Asks: 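I'd like to ask you about the structure that follows.
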Amino acid sequence: MLYETSTPEAAVDAEERYHAPLCYPGTRVQYIEEITKWATANNEDGTIPPLYWMKGPATVGKSAIAQTCAEWLKESGHLAAAFFFSANGRRKAHSRFFLTLAYQLSTTLPEYREIINHKVSVDKAIVKATMSSQFRSLIVEPLQELREKGKDIRRRPIIIDGLDECLNTSAQIKIIKIIASSIRAGSTPFRWAIFSREEPDIVSAFTSFTKPSFCHSVFLPISRKTDGEIELYLRNGFENILHRRNLLHLEPSWPTAQQIWMLVDDAAGLFIHPAIVLRLINRHPYPEFKEILEDILNPISKQGRQSAYAELDALYMLILRHIPKNILLPTQLLFSQIEYPPPTFDEPVNLEHSYLDQDLSSTTRSSLHPTLLCVHGDIAFRHKSFYDFLCDPARSLSFCVTTLAMYQNAFDRLIQQHHHYASSYAIQGPSRASSSASFSWPQGSEFVDSWIKAQTFLGISLLLSHDDPLFHTFLESLPLSSLCKCAELDYRISLLGSIKLYGSGVFLDASIIGLREDGASRFNEGSHFTQLEDCTEFDPEVFLAMVDKLEKLRVIKPYHRRFSSSRVASVLHAVSRQGLSGKKSGLYKLGHGDKSVVWYWEFNTEKQYFHEFLTVNYEEAMAFYKAEKFAIWGINGDGDSRGAEDEDGSNVRTEVMSNAEDEVGSNVEEGERGPRIINVHAPTEKREKESTVIQPHSSGPTSSTHILLAFADYCEFRIYGDLRSVIRPLVVLHGGPGVTSEYLTPCSTLTAQRSIPIIIYDQLGCGRSTHLPEKMGDIEFWTEQLFLDELKDLLNYLGIYEDYDLFGNSWGGMLAARHAVRQAGGLKHLVIMSSPASMDLWVEAQEVLRRKLPQDVQDTLDKCEREGKTDSKEYQDAVLVYYSHYLCTIQPMPEPLAKSFEALEKDPTVYYTMNGPSEFFVTGPLKTWSILDEVHKIAVPTLLTNGAMDEAADSCVYPFFRLIPRVRWTQFAKSSHMAHFEEPERFFDIVGTFLSE
């Protein structure tokens with residue numbers, strides 16, 4: 001198991017590193033002797049530092065020195081272990097670093113091997129633990145156990161090369177700190193030699209080691225003092241080229257002494273330059289030798305070059321100019337994607353059958369992948385300097401692979417290839433996929449061809465997914481018109497193909513949310529679960545911004561299991577902006593139609609975890625996630641960042657509630673403190689039985705336009721707390737008009753915290769009150785006065801008209817303000833939450849907010865409104881984008897709000913008649929509503945609130961603040977239209993304090 005989770009290709013003698021750079025005999029002698037002496041000398045006087053750091057710029061030969069020293073130390077029996085990092089392939093992953101060192105140590109220390117084999121067999125999660133835990137469990141503790149048995153391990157060196165090429169910057173620092181801590185504690189008998197560039201973070205880590213007795217630092221410069229060694233290297237290199245072709249008789253005439261000295265001068269102290277020259281010439285036939293060398297030495301290609309790498313860059317440019325123009329773009333695209341190194345594998349497989357048809361274990365599949373990736377050869381950069389050159393537009397000019405044009409070309413090609421491969425797949429059952437062959441290699445087999453086809457498609461799909469770093473570059477660089485093509489990708493085929501290719505089981509080094517190889521994956525039937533193993537690099541603000549952009553692009557849309565793709569689902573699941581700490585989650589549909597999957601993510605910055613899953617069966621996947629949580633990846637919840645769990649031991653609920661919902665749920669108790677729900681449709685005897693708690697008033701509606709005979713026959717209300725209390729009751733008015741009161745049930749928090757009796761009711765035409773769908777469009781019936789009369793009826797019915805407070809949200813606040821002007825009775829306090837003082841101001845504000853939406857969304861809204869297609873799906877989808885920004889910013893949306901919008905969708909009679917098709921396209925009688933000429937008549941103390949991202953913008957609510965005599969205005973910085981969900985603690989504290997005054 002340790003071998004499978006290590007990186008064998010990082011060893012000094014790994015087959016993959018067969019062409020690793022070595023110091024040519026007679027060169028770099030000073031450094032090689034110094035390092036080998038340091039590594040092998042006795043330390044009786046305590047003067048030999050246990051830490052050695054060779055630093056220097058790129059291409060000066062650090063890796064060649066490290067390789068040469070490591071080979072000599074291994075051959076002489078002194079080497080303990082070695083790890084050669086590389087920007088290519090698995091050797092850049094820090095998660096395998098200490099596992100690899102432990103495996104190498106186990107190959108030479110039999111008793112040590114027995115101890116760690118036992119440890120891994122007892123606790124398989126060790127291989128997925130943090131680096132500190134791996135180092136302690138697999139290296140420190142076994143060596144300590146050996147010492148306790150009287151079996152000390154002699155001091156030996158460990159070589160670490162290319163630390164700066166470790167993918168994770170924070171992991172580079174962590175490795176240095178772990179090593180330094182072990183040296184100080186004396187917990188390991190090793191001397192550590194680290195070779196790296198002088199990257200700022202690494203330099204900072206080493207600056208804390210000021211004592212020469214602790215760390216010896218050596219700088220390897222770009223120096224012309226190496227000219228003699230470079231000349232020796234070149235002469236012997238050319239001799240070998242001629243010798244392999246039996247052309248040694250040409251040696252005196254080619255290359256000439258002048259040409260060699262010109263090459264030495266061009267190298268300017270960099271060994272990488274002559275190495276590339278020799279390699280380039282060696283790949284051509286003899287008749288082209290002279291021409292190639294003359295091109296290399298051509299001064300025209302070097303004009304204007306001033307940097308330390310000028311000659312090296314000129315050589316690279318020369319090589320690239322030899323690429324035929326008709327294949328230059330594909331070659332550049334290839335360069336931008338080179339990742340994998342050559343692996344080794346010797347397990348027998350059945351080559352006569354398709355890989356996809358074979359019943360292979362997850363372990364076998366995992367073991368096969370490195371071999372299959374390179375079964376027809378491999379392409380990798382021999383040296384990172386060429387990669388650096390290609391990525392720097394100032395050096396590589398038109399050959400640069402990181403320009404906007406190249407990103408656009410790569411993106412377009414990936415999109416094209418995704419559709420090409422996806423079209424050859426077929427769904428077999430609800431959660432399986434198969435593929436017809438779309439290409440093969442001439443010398444291949446069905447087994448290999450089927451795997452390559454699947455891996456190619458899935459690799460392309462990954463590059464176009466939110467989990468790959470390249471996709472994040474696309475998001476930052478490319479125009480929306482290009483990025484929106486991602487909405488048409490077949491995410492379902494990609495997911496099912498991945499499950500088929502990899503099988504069930506846990507896989508390490510997965511890319512996740514743009515952090516390459518920082519995740520652990522698990523595939524189940526129809527689902528792919530991933531967790532971020534190290535949250536150090538996770539930036540919640542960046543992640544949430546990415547989610548926002550994907551939603552704007554319509555690549556994802558809010559998903560709700562009950563509402564499917566309806567407009568309500570979008571309102572219910574906008575991304576939370578309730579601060580950037582604590583627990584957040586999101587639930588979305590990724591893709592469109594039968595090409596889509598469900599995407600769920602959850603993170604907690606305090607407990608340091610990020611989880612996500614993609615699934616074709618949300619119910620099963622969420623049930624599995626709730627049941628297993630951190631155990632999904634074989635990791636126990638032990639209290640650290642890998643096993644964090646909610647403090648109460650619970651797992652995430654299927655629909656994640658906001659803090660406000662939790663508070664509401666906690667205050668519902670048995671007896672007087674619980675919510676008293678009175679069904680006003682119940683018989684009179686039932687109401688009389690409840691009269692000990694409320695004092696019902698029998699008067700009916702005062703308006704002759706009411707169809708119904710009595711208030712109790714058409715209105716449903718709920719009472720939280722006890723109306724017999726000495727504390728003044730608060731009546732809560734919901735918005736819409738026509739949205740039910742369910743979303744305002746969190747107001748019962750005031751009952752739990754301050755014992756304030758709360759009355760919440762559904763206005764006529766919605767919720768549990770009487771519905772009148774036959775009155776759709778009847779503006780003579782649905783009037784403001786109708787609802788003013790209804791409110792007064794309620795106050796009289798409950799016997800509280802002479803002493804009460806009033807709270808209204810949105811339309812409810814408009815209604816409450818008018819009531820306070822015209823028929824206040826015993827009103828003592830008024831709360832106006834996110835309500836406009838004039839619909840003209842409201843519409844103007846909506847136009848401003850609307851123009852902040854993506855241009856394609858604006859165009860859709862304008863077109864549909866112009867053509868009278870506001871009931872179309874196209875229009876409703878565009879409205880969703882607006883709602884997710886300015887109506888509510890919580891994902892998934894709380895259950896009370898979900899129920900309110902579900903009810904609105906079922907019966908929009910009141911909303912459509914009085915308001916119109918949307919918040920910003922008002923066509924009903926409310927279009928002319930205003931209280932500007934009366935608002936000064938509000939005499940009671942008034943609390944005015946709105947959110948910083950509210951559709952009830954400041955311009956809408958300001959007249960209340962200017963004209964009401966006794967008013968205060970509080971704005972909630974992290975909220976939109978629903979501050980009681982978005983900032984519940986602060987919201988109810990402010991409201992409760994105000995009502996208690």
Side-chain angles (χ1 to χ4, degrees), residues 540-541 543-545 547-548 551 558 560 568-587 602-606 653 655-666 732 734-735 739 741-750 753 807-810 812-813 831-835 845 849 852 880-901 919 943-954 956-957 969-994:
E541 187 173 2
F543 172 74
L544 293 173
V547 174
D548 276 347
E551 188 171 3
H560 194 285
V568 175
S570 188
V571 179
L572 302 184
H573 296 287
V575 176
S576 172
R577 286 296 180 273
Q578 213 172 311
L580 292 178
S581 62
K583 181 178 175 181
K584 298 288 179 292
S585 61
L587 182 61
E602 176 184 319
F603 67 81
N604 191 318
T605 54
E606 295 175 355
R653 287 172 283 177
E655 296 177 72
V656 182
M657 303 300 182
S658 71
N659 293 336
E661 287 181 277
D662 292 337
E663 291 166 1
V664 171
S666 65
V732 177
H734 66 72
V739 178
S741 65
E742 191 73 22
Y743 80 97
L744 288 175
T745 53
C747 290
S748 62
T749 298
L750 296 169
Q753 294 178 350
F807 174 109
N809 167 248
S810 196
V831 179
I832 301 174
M833 175 190 175
S834 299
S835 306
L849 297 176
K852 295 180 180 180
L880 295 181
V881 180
Y882 173 91
Y883 285 165
S884 65
H885 284 77
Y886 307 117
L887 182 72
C888 186
T889 59
I890 291 183
Q891 164 70 27
M893 202 160 283
E895 185 66 18
L897 191 53
K899 291 181 178 178
S900 289
F901 280 101
E919 301 291 85
L943 174 64
L944 176 66
T945 75
N946 75 332
M949 299 169 282
D950 205 330
E951 58 180 347
D954 293 356
C956 301
V957 303
W969 183 4
T970 298
Q971 186 173 83
F972 295 89
K974 300 176 182 178
S975 298
S976 59
H977 203 54
M978 299 286 166
H980 64 303
F981 284 121
E982 296 162 305
E983 295 180 68
E985 184 174 351
R986 181 168 179 251
F987 180 83
F988 288 116
D989 180 63
I990 289 174
V991 173
T993 300
F994 169 74

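Because the structure is predicted, anything quoted here is derived from the model rather than measured.
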Asks: How about L750 and F807: do any of their side-chain heavy atoms sit closer than 4.5 Å?
Replies: no
Asks: Please list, chain by chain and in numerical order, all residues satisfying salt bridge (Lys or Arg N to Asp or Glu O under 4.0 Å) with D989, sequence neighbours excluded.
Replies: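 Applying salt bridge (Lys or Arg N to Asp or Glu O under 4.0 Å) to D989 gives R754.
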Asks: So F981 and S975, do their side chains get closer than 4.5 Å, heavy atoms only?
Replies: no
Asks: Supply the atom-to-atom distance S976 OG to E983 CD, rounded to the nearest 0.5 angstrom.
Replies: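 These two atoms lie 10.0 Å from each other.
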Asks: CD of E982 to CE of M949: how many Å apart, nearest 0.5 Å?
Replies: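 Spacing of CD (E982) from CE (M949) equals 6.5 Å.
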Asks: Return yes if some donor-acceptor pair links the side-chain N/O of S884 with the main-chain N/O of V881 below 3.5 Å, else return no.
Replies: yes
Asks: Say you draw a straight line from CG of L944 to OG of S834; how long is it, rounded to the nearest 0.5 Å?
Replies: 8.5 Å
Asks: Restricting to side chain to side chain donor-acceptor pair (under 3.5 Å), what partner residues turn up for Y743, sequence neighbours left out?
Replies: N809
Asks: Locate the shortest heavy-atom distance separating S810 from S835; write the atom from each residue and the value.
Replies: O-OG, 2.7 Å
Asks: For the residue pair H980 and F987, categorise the inter-ring angle as parallel (less than 30°), tilted (30 to 60°) or perpendicular (more than 60°).
Replies: tilted
Asks: Identify the two heavy atoms, one from L849 and one from E951, that lie closest to each other, and give their separation to 0.1 Å.
Replies: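 Reported closest heavy-atom pair: CD1-CA, 3.7 Å.
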Asks: For the CG atom of D950 and the NE2 atom of H885, what is their distance to the nearest 0.5 Å?
Replies: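 Interatomic distance, D950 CG to H885 NE2, rounded to 0.5 Å: 14.5 Å.
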Asks: Does Y886 reach the side chain of K852, with side-chain heavy atoms less than 4.5 Å apart?
Replies: yes
Asks: Quick one: does N946's side chain get under 4.5 Å of W969's, heavy atoms only?
Replies: yes
Asks: In a check of side-chain contact (heavy atoms from CB on, under 4.5 Å) between Q971 and each of T945, V957, D954, which one passes?
Replies: D954
Asks: Which value, rounded to the nearest 0.5 Å, describes the distance between F543 atom CZ and D548 atom CG?
Replies: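 Output value for this atom pair is 10.0 Å.
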Asks: Would you say that F994 contacts T970 through its side chain, given a criterion of any heavy-atom pair below 4.5 Å between the two side chains?
Replies: no
Asks: Ignoring hydrogens, what is the shortest heavy-atom contact between P896 and E742? Give both atom names and the distance.
Replies: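 Taking P896 first and E742 second, the nearest heavy atoms are CB-O, 3.1 Å.
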Asks: What pair of heavy atoms forms the shortest contact from R986 to A973, and how long is it?
Replies: NH1-N, 4.4 Å
Asks: In Å, rounded to the nearest 0.5 Å, how long is the span from OG1 of T889 to CE of M978?
Replies: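 Going from the OG1 atom of T889 to the CE atom of M978 covers 10.5 Å.
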Asks: With sequence neighbours excluded, what pairs up with S900 under the side chain to side chain donor-acceptor pair (under 3.5 Å) test?
Replies: T740
Asks: Looking only at heavy atoms, what is the nearest atom pair of H734 and S741, with distance?
Replies: CD2-N, 3.6 Å
Asks: Which heavy-atom pair separates C888 from L897 by the least distance, and what is that distance?
Replies: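 Smallest heavy-atom distance, with atoms named: SG-CD2, 3.8 Å.
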